[in-house]
Amino acid sequence: MKKIILITLLLVSISGFSQYHTTYDWSNTPIIHEITSDESKESSIAILKKEIVEFSQSKITNDLAVFETTHNIIRVNDEAGIARHTQIYIPMNRVNKIVSLKARTINKDGKVIDLDENNIKQIENVDEYGDFQIFAIEGAEIDSEIEVLYTLKKDYSPFGSETLQTDYTIQRAEMVFITNNLLGQIKTYNTDQEFERTYLDNMLVEELVISNILPVATEDYAATDANKIYAAYQCFGNPDLTQDDLWSNTVGNVASNFFPEKTSKIVIEEIKNNIMKDEPIDISDYKKAALIDNYVKSNYNVVENNNPQLEEIEFILQNRTASNYGILKAYAHFLKAFDIEYEIVVTSNRYTHRFDPEFYNPSALREFLIYLPVLKQYISPDRLDYRLSEAPANILGNYGVFIKKDMDYYFAKVSQNDPEFSRVQRVMDISFTDDFDKVIVDESQEYTGHWSILYRALMTYYTGQDKADVEDQLTGSGIEDKHTTKFEVENPEMNQTEYNLPYIVNSTIESSALIEEAGDSYIFKLGTIIGVQSELYQEKERANPIEMQYPNQYNYTITVDIPEGYTLEGLESLEIHKELVVDGKKLCYWKSDYTLKDNLLIITIEEAYKVNDFPKEEYEGFRNVINAASDFNKAALLFMAE
C-alpha cells in the first residue's frame with residue numbers, strides 16, 4: 001500500500017511540477033474595498049477581474065492540459081447589482097475537471113458568508129450554449145462584495161482568448177499567461193497595455209495589468225463587441241511552429257476541400273437538366289455564377305448539426321442538404337464545372353472580431369465567402385438573403401485570407417468594388433385635397449445594392465405584421481393616420497441574374513396628420529414625409545470608432561404642388577448643407593436645396609457616405625451630417641392665404 005501511495009504521489013508531483021494555480025489563493029482576511037463616489041453610483045463594479053491561463057505538460061506522458069483560473073471580486077451597490085451577480089454560471093465546454101471552486105460574500109460590516117457546496121448544480125445545454133455549473137450567492141446585500149475563485153482543468157487547445165472588458169467598471173483587471181517552457185505567445189487588442197514578462201512564485205510568466213477599465217460604451221454606429229479589450233493566445237508543444245505555418249495549414253485544409261480535381265457527375269446532370277436547361281450556351285460568366293448561386297440557394301438546405309455526412313460531397317449532392325461548411329463544397333463543384341475562377345475567403349464578422357493577419361486566431365475565422373476575382377464579386381454561401389454581389393455588410397471592411405486553388409494565399413481587405421453599389425432614389429409628388437384636409441404623396445423609389453438585397457429578402461420571407469411593418473417603412477415611417485391607397489413593387493424576385501437590378505416601389509399615401517390648420521393658413525409638415533431619421537445627440541465623449549453598415553447614397557426629388565391663392569413661408573428650413581472633409585476628401589455630406597417654378601416647389605436632397613468606417617476623432621463632423629437628416633425631418637412650411 002505504501003508503495004502504491006508513493007508512486008501516486010510521484011506521478012502527481014511530476015505531472016504537476018511548478019503549477020502556479022495550485023498555490024494561488026484569495027486573502028484569508030477579506031476586506032471591503034474603497035470605491036469612488038462615481039463608482040458608488042453604478043449598480044456594480046469589479047474590484048478585481050483576474051484570469052490565469054496555465055499550460056502544463058506531463059513529464060511522463062507528454063500530454064498537454066490547460067488550467068484556467070478565474071478570480072472576481074464584485075462590489076454590488078443596489079438591488080440591480082445584486083440581482084445581476086448572485087447567479088454564477090460556469091461554462092463546462094472542454095472542462096474535464098473542476099480543480100477547485102469557492103465563493104463568499106463579505107458584507108459592509110465585514111461578515112463573511114461562504115458558499116455552501118451543496119448548492120452547486122449542473123445543468124445541461126443551457127439555451128444551446130452547452131453545460132454549466134450553476135450556484136447562487138447567499139447573503140449579498142447593498143454595499144457588499146461577492147468574491148468567486150475557481151480553477152478548471154480543460155482539454156488542451158493551442159488557442160484561446162479572454163475578454164477583459166464588460167458593461168460595468170473594472171478597477172483592476174489582471175491576466176497571467178503561463179506556458180511552463182512551452183512555445184507560446186499572447187497579444188492584446190483595443191488597449192495600449194501589453195503583457196510584460198515577470199516572475200511569480202519564481203515562475204516566468206506574462207502578466208497584464210490594466211486599471212480603471214470603463215464599461216463598454218453602447219453607441220450607435222459602433223462595433224461594440226469587436227472594440228472590447230481582449231487578449232488572444234497560442235501555446236504549442238511543437239517549438240518550431242510559426243504564424244506562417246499556422247496559416248499554411250489552414251490554407252492546405254481549405255484547398256483540399258474546396259478545390260476539387262474532378263466534378264461530380266451529379267453536378268453535370270444538374271447543370272444540364274436544370275441550371276442551363278433554358279439558357280443559351282454563350283452566356284456571360286456573371287450570369288453563370290448568378291445561376292449557380294440562385295440554384296443552390298433555391299434547392300439546397302443548410303442545417304446546423306453535427307452530422308459528419310453534411311460535409312461529404314456525395315451526400316450533399318444526393319440529398320441537397322449540407323452544413324454551413326459543407327455547402328461550400330457544392331458551390332466549388334458547380335463553379336469548377338462552369339470553369340469559373342474562384343477563391344475561398346476565410347474571415348470574420350467585423351462587428352465581433354477584427355481579423356488580424358499577423359496573429360492566427362481560429363475564433364476569428366468563422367465566416368466564409370467565395371470571391372470571383374475576374375468579376376470582382378462575392379458569393380455568400382450561407383446567406384439566404386444575398387445573391388451574387390458585393391460582400392455582406394457584416395463582413396465588408398474586415399480583412400480576410402484569400403485562398404487560391406494552387407494553395408497560394410494572400411491577406412486583403414474585403415472591399416467594395418463598386419463605390420455606387422448602394423443607393424436610394426426617391427421621387428415624390430405632393431398635392432393637397434381642395435379643402436386642405438389631406439396630403440397626397442405619390443412616390444417612386446429605387447433601391448440598389450445592399451438596400452435592394454435587404455428589402456427583397458424582408459418582403460419575400462416576412463409574413464403578417466412583420467411584412468406590414470416593412471411596407472410601412474417603405475411608405476414613410478412615422479406618419480400618423482397614413483392610408484396607403486397604392487403599393488406596388490417591381491423586381492421582387494430573390495433570384496436575379498442582372499447586376500444590381502433595383503428594387504422598385506411605387507406607392508400613394510394620404511394623411512391628414514401632415515397638415516394643420518392655423519387660422520387662414522396651414523402648416524405642412526414636409527420633413528415628415530422622408531420618414532423617421534437617425535439622431536446623434538450624444539453628450540459624452542465618443543468612445544468607439546464610427547462604423548457604417550456600408551457606403552451608400554440617397555437622392556430625393558420632392559415636388560410640392562402649391563395650391564392657387566397661397567404663398568409659402570419657412571422655405572429657409574429646407575436649405576441645409578453639412579459635410580465632413582478629411583485630408584481633402586469629402587467622406588460624407590448632406591445637401592438639401594429648393595427652387596420655385598410657377599406653382600411648384602422643387603426640393604432636392606443628396607446625402608452620401610463614401611466609406612463605411614470613420615475615426616472617432618471625426619465624430620462631431622459625422623454627427624452633423626447624420627443630424628442634418630433629422631433636422632430636415634422636422635422642417636415645416638406655412639401656406640399663407642394671399
Side-chain angles (χ1 to χ4, degrees), residues 20-21 24-27 31 33-55 66-77 81 84-85 145-151 159-179 184-201 203-219 222-235 352-354 356 358-359 361 363-364 540-545 615-617:
Y20 177 70
H21 69 270
Y24 181 81
D25 203 355
W26 61 22
S27 172
I31 61 171
H33 296 82
E34 295 291 330
I35 62 174
T36 67
S37 59
D38 286 339
E39 289 172 339
S40 68
K41 297 173 185 176
E42 300 184 38
S43 291
S44 60
I45 67 163
I47 304 298
L48 174 69
K49 178 178 173 60
K50 184 167 185 172
E51 302 291 339
I52 303 169
V53 177
E54 182 173 8
F55 287 85
V66 58
F67 295 87
E68 295 185 5
T69 299
T70 296
H71 185 192
N72 293 330
I73 303 174
I74 305 293
R75 174 71 167 268
V76 290
N77 297 324
R84 174 169 189 173
H85 295 283
E145 292 183 5
I146 297 168
E147 187 168 13
V148 178
L149 174 61
Y150 59 86
T151 297
F159 309 103
S161 62
E162 291 289 345
T163 300
L164 303 174
Q165 187 176 20
T166 185
D167 55 1
Y168 49 86
T169 296
I170 301 172
Q171 278 192 354
R172 182 181 176 89
E174 299 179 18
M175 184 170 176
V176 180
F177 181 62
I178 307 170
T179 62
Q185 53 186 315
I186 190 164
K187 185 175 182 178
T188 57
Y189 293 86
N190 303 315
T191 177
D192 294 331
Q193 298 289 104
E194 297 180 354
F195 280 82
E196 296 183 357
R197 288 198 165 192
T198 187
Y199 283 89
L200 296 176
D201 290 353
M203 296 178 61
L204 182 63
V205 305
E206 300 273 356
E207 184 179 37
L208 175 72
V209 177
I210 308 177
S211 299
N212 300 318
I213 299 178
L214 296 176
V216 172
T218 302
E219 298 173 321
T224 304
D225 287 339
N227 293 335
K228 290 179 180 178
I229 298 171
Y230 76 98
Y233 56 83
Q234 307 165 345
C235 185
T352 56
H353 280 98
R354 287 191 175 81
D356 182 2
E358 297 179 356
F359 196 88
N361 179 6
S363 65
K540 294 181 179 180
E541 183 180 354
R542 179 75 180 188
N544 293 290
K616 68 179 181 180
E617 291 77 16

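Quick note: numbers below take in every heavy atom, side chains included, and nothing from hydrogens, waters or symmetry partners.
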Is there a donor-acceptor contact under 3.5 Å linking the side chains of [X] and [Y]?
X	Y	result
N227	N544	yes
E207	T198	no
E39	Q171	yes
T36	D38	no

Out of [options], which residue meets the side chain to side chain contact (heavy atoms under 4.5 Å, CB included) rule with [X]?
X	options	answer
C235	I178, T179, I186, V53	T179
T69	E51, E54, H21	H21
I47	T169, I170, I74, I35	I35

Is any side-chain heavy atom of [X] closer than 4.5 Å to a side-chain heavy atom of [Y]?
X	Y	answer
V176	K50	yes
R84	S43	no
K187	E358	yes
I52	Y20	yes
Q165	P215	no
R197	L204	yes
L149	D25	yes

For the student: nearest non-hydrogen atoms of [X] and [Y], plus distance:
X	Y	result
A232	N361	CB-ND2, 3.9 Å
L164	A173	O-CB, 4.5 Å
R542	A222	NH2-CB, 3.7 Å
E219	A543	OE2-N, 3.0 Å
N190	I229	O-CG1, 3.4 Å
Q234	F177	O-CZ, 3.5 Å

Original post:
Aromatic rings Y189 and Y230: how do their planes relate, parallel, tilted or perpendicular, breaks at 30° and 60°?
Top reply: parallel

Original post:
Got a second to check how far M175's CE is from T163's OG1, nearest 0.5 Å?
Top reply: 10.0 Å

Original post:
Between CZ of F67 and OG1 of T151, what distance do you get to the nearest 0.5 Å?
Top reply: 9.0 Å

Original post:
Passes side chain to side chain contact (heavy atoms under 4.5 Å, CB included), Y233 versus Q185? Steps please.
Top reply: CA-CA 6 Å; Y233 56 83; Q185 53 186 315; over 6 Å; no

**OP:** Could you walk me through whether Y168 and H85 pass the ring pair (Phe, Tyr, Trp, His ring centres under 6.0 Å) test, one step at a time?
**Re:** CA-CA 12 Å; Y168 49 86; H85 295 283; 5.1 Å; yes

**OP:** With side chain to side chain contact (heavy atoms under 4.5 Å, CB included) as the test, would you mind laying out the steps for L48 and H71 before giving the verdict?
**Re:** CA-CA 7 Å; L48 174 69; H71 185 192; 3.7 Å; yes

Subject >> Note: K228-D167 ion pair, threshold 4.0 Å (strictly below) >> reply: no

Original post:
Between K49 and E174, is there a side-chain N and carboxylate O pair less than 4.0 Å apart?
Top reply: no

**OP:** Go through the steps to decide whether Y150 and T70 satisfy the test side chain to side chain contact (heavy atoms under 4.5 Å, CB included), and finish with yes or no.
**Re:** CA-CA 6 Å; Y150 59 86; T70 296; 3.6 Å; yes

Original post:
After noting the C-alpha distance and the side-chain angles of V209 and Q193, does the key distance pass the side chain to side chain contact (heavy atoms under 4.5 Å, CB included) rule?
Top reply: CA-CA 8 Å; V209 177; Q193 298 289 104; 5.9 Å; no

**OP:** May I ask you to decide if H33's main-chain N or O and R75's side chain share a donor-acceptor pair within less than 3.5 Å?
**Re:** yes

**OP:** Give a yes or no answer on whether the side chain of D201 reaches the backbone of M203 with a donor-acceptor pair at less than 3.5 Å.
**Re:** no

